[in-house]
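Have a look at the structure below before the remarks.
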Amino acid sequence: MVIQFQPVTLYCNYQSTATLPPVVIWKYRSYCRSPLANAFSLNSQEKQTDNQLQQNNSSHNPNVECPDNVRTVRVVALKQGNTVVLGDFYQGRRITVINDADLSIGQTTREDTGVYYCSVISPQDLQGNSEAYAELIVLGASLECETCAAVGNSCSGQKQRCSAHLDTCMTIMLEGTAVSVLDLQEFLEAEHGDEKHRLTSRFYLEVTS
């Protein structure tokens, strides 16, 4: 586990008798089920089914084992020799393959949560296991912004969870001498020619994070 925005390295160790450097491929697969949510669903039918499967196969992992056509699959990076090429989805990210085959992510996001498969391919060495995986869970409290609109210097309302790519709450205060005061949405929709609903152009903007 890692906290959002922190760096992380996923290790891929291998031994090979090949004289030429192998091709290292890192792939991302989304979880079949959320491991955190699955841990708390103790009485669910799925949990009971998982327990039965694990009795027959102790290595069964329901969070990881499912067909690729029911989850997201992406190539993260490919390395051959000293050349590293990122997959299309990861272009521009601070991601690379370091050492022989370790995946380095410079700044994690919640969308990085998933299962990462490391494949080491060499035509000179076809024996042994050529693939392994590591699980990555990126934690971080989702930003919640209080949403409200009222006349006066303050207001209170319900908190709304922001999308993953949003990281700022904003408070907008309008000061004016209007005969009737509209909320922000109505103010934006008001016609400028209507003097009754016209506010002065002084705005006070406060940004918090």
Side-chain angles (χ1 to χ4, degrees), residues 1-40 50 53-54 56-143 161-168 209:
M1 291 187 182
V2 65
I3 303 299
Q4 186 178 206
F5 304 129
Q6 288 186 341
V8 67
T9 299
L10 303 179
Y11 296 98
C12 181
N13 300 317
Y14 68 90
Q15 294 180 339
S16 175
T17 58
T19 57
L20 296 175
V23 176
V24 177
I25 302 175
W26 277 94
K27 284 187 177 181
Y28 165 89
R29 288 179 169 89
S30 59
Y31 275 112
C32 306
R33 301 181 200 165
S34 168
L36 298 179
N38 195 41
F40 292 100
D50 294 341
L53 291 173
Q54 287 178 334
N56 299 326
N57 181 6
S58 59
S59 63
H60 174 71
N61 186 341
N63 301 329
V64 172
E65 299 176 21
C66 64
D68 283 348
N69 61 359
V70 299
R71 59 179 173 177
T72 302
V73 180
R74 294 190 286 256
V75 173
V76 183
L78 182 149
K79 179 181 180 181
Q80 186 170 24
N82 294 323
T83 302
V84 177
V85 178
L86 297 184
D88 293 340
F89 185 82
Y90 298 93
Q91 293 290 328
R93 293 278 306 275
R94 291 165 49 193
I95 296 176
T96 189
V97 179
I98 60 175
N99 303 323
D100 291 328
D102 302 332
L103 182 67
S104 172
I105 303 177
Q107 188 178 54
T108 54
T109 69
R110 288 193 297 264
E111 285 77 10
D112 292 329
T113 292
V115 188
Y116 291 78
Y117 288 79
C118 174
S119 300
V120 180
I121 303 171
S122 173
Q124 296 180 326
D125 189 354
L126 302 177
Q127 297 181 350
N129 182 23
S130 62
E131 184 178 80
Y133 70 83
E135 297 182 51
L136 175 63
I137 299 177
V138 181
L139 300 177
S142 299
L143 180 68
R161 178 166 294 183
C162 302
S163 303
H165 64 284
L166 301 178
D167 59 4
T168 304
S209 60

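With sequence neighbours excluded, no residue forms a salt bridge (charged side-chain N to carboxylate O under 4.0 Å, His left out) with D125. For E131, the side chain to side chain donor-acceptor pair (under 3.5 Å) partners at least two apart in sequence or on another chain are S119.
Using a 4.5 Å heavy-atom cutoff, the side chains of C32 and E65 are not in contact. Contact annotation: the side chain of C118 approaches that of V24 to within less than 4.5 Å [non-hydrogen atoms, C-beta and beyond]. Within the 4.5 Å cutoff, the side chain of I95 has no heavy atoms near those of the W26 side chain. Side-chain contact check for V23 versus L78: some heavy-atom pair is nearer than 4.5 Å. Annotation: side chain of T72 is not in contact with side chain of E111 (no heavy-atom distance under 4.5 Å).
Here the straight-line distance linking atom CG of N99 with atom NZ of K79 works out to 7.0 Å at 0.5 Å rounding. A distance of 14.5 Å separates OG1 in T96 from OH in Y90, rounded to the nearest 0.5 Å. Rounded to the nearest 0.5 angstrom, Q127 CD and S122 OG are separated by 11.5 Å. In this structure, Q107 CD and Q6 CD are separated by 10.5 Å, a value rounded to the nearest 0.5 Å. Summarising the geometry, atom CG belonging to L139 is positioned 7.0 Å from atom OG1 belonging to T113; distances are rounded to the nearest 0.5 Å. Rounded to the nearest 0.5 angstrom, L10 CG and L136 CG are separated by 5.5 Å.
Around CD of Q15, the count of heavy atoms belonging to other residues, nucleotides or ligands within 6.0 Å does not exceed 12.
A perpendicular orientation is assigned to the rings of Y28 and Y116, their planes being inclined by more than 60° (bins at 30° and 60°).
At distances below 3.5 Å, at least one donor-acceptor pair connects side-chain atoms of R71 with backbone N or O atoms of V64. Side-chain atoms of Q91 come within 3.5 Å of backbone atoms of L86 as a donor-acceptor pair (strictly under, hydrogens ignored).
Ion pairing of K27 with D68 is absent here, as no side-chain N (NZ or NE/NH1/NH2) approaches a carboxylate O to less than 4.0 Å.
When all heavy atoms of V8 and T108 are compared, the closest pair comes out as CG1-CG2, 3.6 Å.
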